[in-house]
Amino acid sequence: MSWTGVNERTFIAVKPDGVQRRRVGEIVQRFEKKGFKLVGFKLMQASKELLREHYWEHRNRPFYNKLVSYMSSGPVVAMVWQGLDVVKTGRKMMGQTNPTNSLPGTFRGDFCVIMGKNVIHGSDSVESAQREISLWFKESELCEREGCSAKWIYE
Ligand code: ADP
């Protein structure tokens with residue numbers, strides 16, 4: 001299936017601090033309320049190997065090892081959301097990397113204070129989303145389904 005238009009997908013993860021601080025419900029709720037469709041969801045302990053690969057582009061940054069430790073410090077909720085412009089809109093809902101620069105109303109603006117514990121991950125492009133979804137999910141874990149409310153969300 002081509003992941004374009006209303007079939008665009010993004011990878012969203014509630015990071016270990018978000019899970020421990022019980023933000024999963026509200027994050028899921030805001031994506032649902034917006035009109036996006038949940039097609040993948042699991043609570044899991046991510047291995048350091050998976051996380052090193054996920055954050056490969058940051059491998060030479062000074063915070064890389066700390067980031068991998070943080071992300072493996074507890075379970076994460078890995079999700080795939082689908083809908084028109086979901087990658088870009090998901091990033092807007094998240095806020096900036098640094099919570100200090102994130103507006104109220106965004107997850108990072110509302111739920112956290114520092115970059116090293118910023119509650120949520122979201123793919124930054126359609127290409128990253130494809131890479132991340134295939135890294136975190138098997139094809140069989142994604143549920144293709146007709147959303148019954150699609151006609152009330154799209155023209
Ligand atoms: P984003 O998650 O907003 O896409 P990046 O891909 O740039 O941001 O960075 C990945 C994650 O690495 C951030 O969400 C944050 O948890 C962490 N991070 C980024 N920059 C720093 C930094 N300077 N110090 C500590 N942690 C950082």
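In listed order, ligands and their atoms are each counted from 1.
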Next on the checklist: Only heavy atoms of Tyr55, strictly under 4.0 Å: list the atoms of ligand 1 that pass.
Outcome noted: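 Answer for ligand 1: 10 (C).
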Item to check | Asp124 and Ser128: side chain donor to acceptor below 3.5 Å | outcome: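 Asp124 vs Ser128: donor-acceptor pair found between side chains.
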Checklist entry - Any chance the side chains of Glu132 and Ser123 put a donor and an acceptor closer than 3.5 Å? => result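 Looking only at side-chain atoms, Ser123 and Glu132 do form a donor-acceptor pair, the distance falling under 3.5 Å.
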Checklist entry - Do ligand 1 and Gly116 have nitrogen or oxygen atoms that lie under 3.5 Å from each other? => result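 Looking only at distances, the answer is no, because the N/O contact criterion of under 3.5 Å is not met.
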Checklist entry - Would you call Glu26 and Arg30 a salt bridge, taking side-chain N to carboxylate O under 4.0 Å as the test? => result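 Here Glu26 pairs with Arg30 in a salt bridge, since their nearest N and O are under 4.0 Å apart.
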Considering only the protein, which heavy-atom contact is closest to [atom], and what is its distance?
atom                    : value
atom 6 (O) of ligand 1  : His58 NE2, 2.9 Å
atom 22 (C) of ligand 1 : Phe63 CD2, 3.5 Å
atom 23 (N) of ligand 1 : Met115 CE, 3.6 Å
atom 4 (O) of ligand 1  : Arg91 NH1, 2.8 Å

Next on the checklist: Looking at Arg145, I'd like to know if its CZ atom is crowded, meaning that more than 12 non-hydrogen atoms belonging to other residues, nucleotides or ligands lie closer than 6.0 Å.
Outcome noted: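 Count over threshold, so yes.
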Item to check | More than 12 heavy atoms from other groups under 6.0 Å of NZ on Lys66 | outcome: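 Incorrect, the count does not exceed 12.
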Checklist entry - For Tyr64, is the NZ or CZ atom of Arg59 found under 6.0 angstrom from the centre of its six-membered ring and inside 45 degrees of the ring axis? => result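 Geometry flag: not set, cation outside 6.0 Å or 45°.
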Next on the checklist: Does the structure place the NZ or CZ of Lys15 under 6.0 Å from the centre of the six-membered ring of Tyr70, at an angle of no more than 45° from the ring's axis?
Outcome noted: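 No, Lys15 and Tyr70 do not form such a contact.
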Item to check | Nearest candidate to atom 3 (O) of ligand 1, where distance is taken over non-hydrogen atoms, out of Thr97, Asp17, Asn118 | outcome: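 Going through Thr97, Asp17, Asn118 one by one, Thr97 has the nearest heavy atom to atom 3 (O) of ligand 1.
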Checklist entry - Out of Leu67, Ile114, Val119, whose heavy atom sits nearest atom 11 (C) of ligand 1? => result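 Nearest option to atom 11 (C) of ligand 1, by heavy atoms: Leu67.
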Checklist entry - When you look for heavy atoms under 4.0 Å from ligand 1, do you find them on the side chain of Lys15, its backbone, both, or neither? => result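 Looking at Lys15 and ligand 1, just side chain atoms fall under 4.0 Å.
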Checklist entry - Which bit of Arg108 is near ligand 1, meaning a heavy atom under 4.0 Å away: side chain, backbone, both or neither? => result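 Near ligand 1, Arg108 shows its side chain, while the N, CA, C and O stay back.
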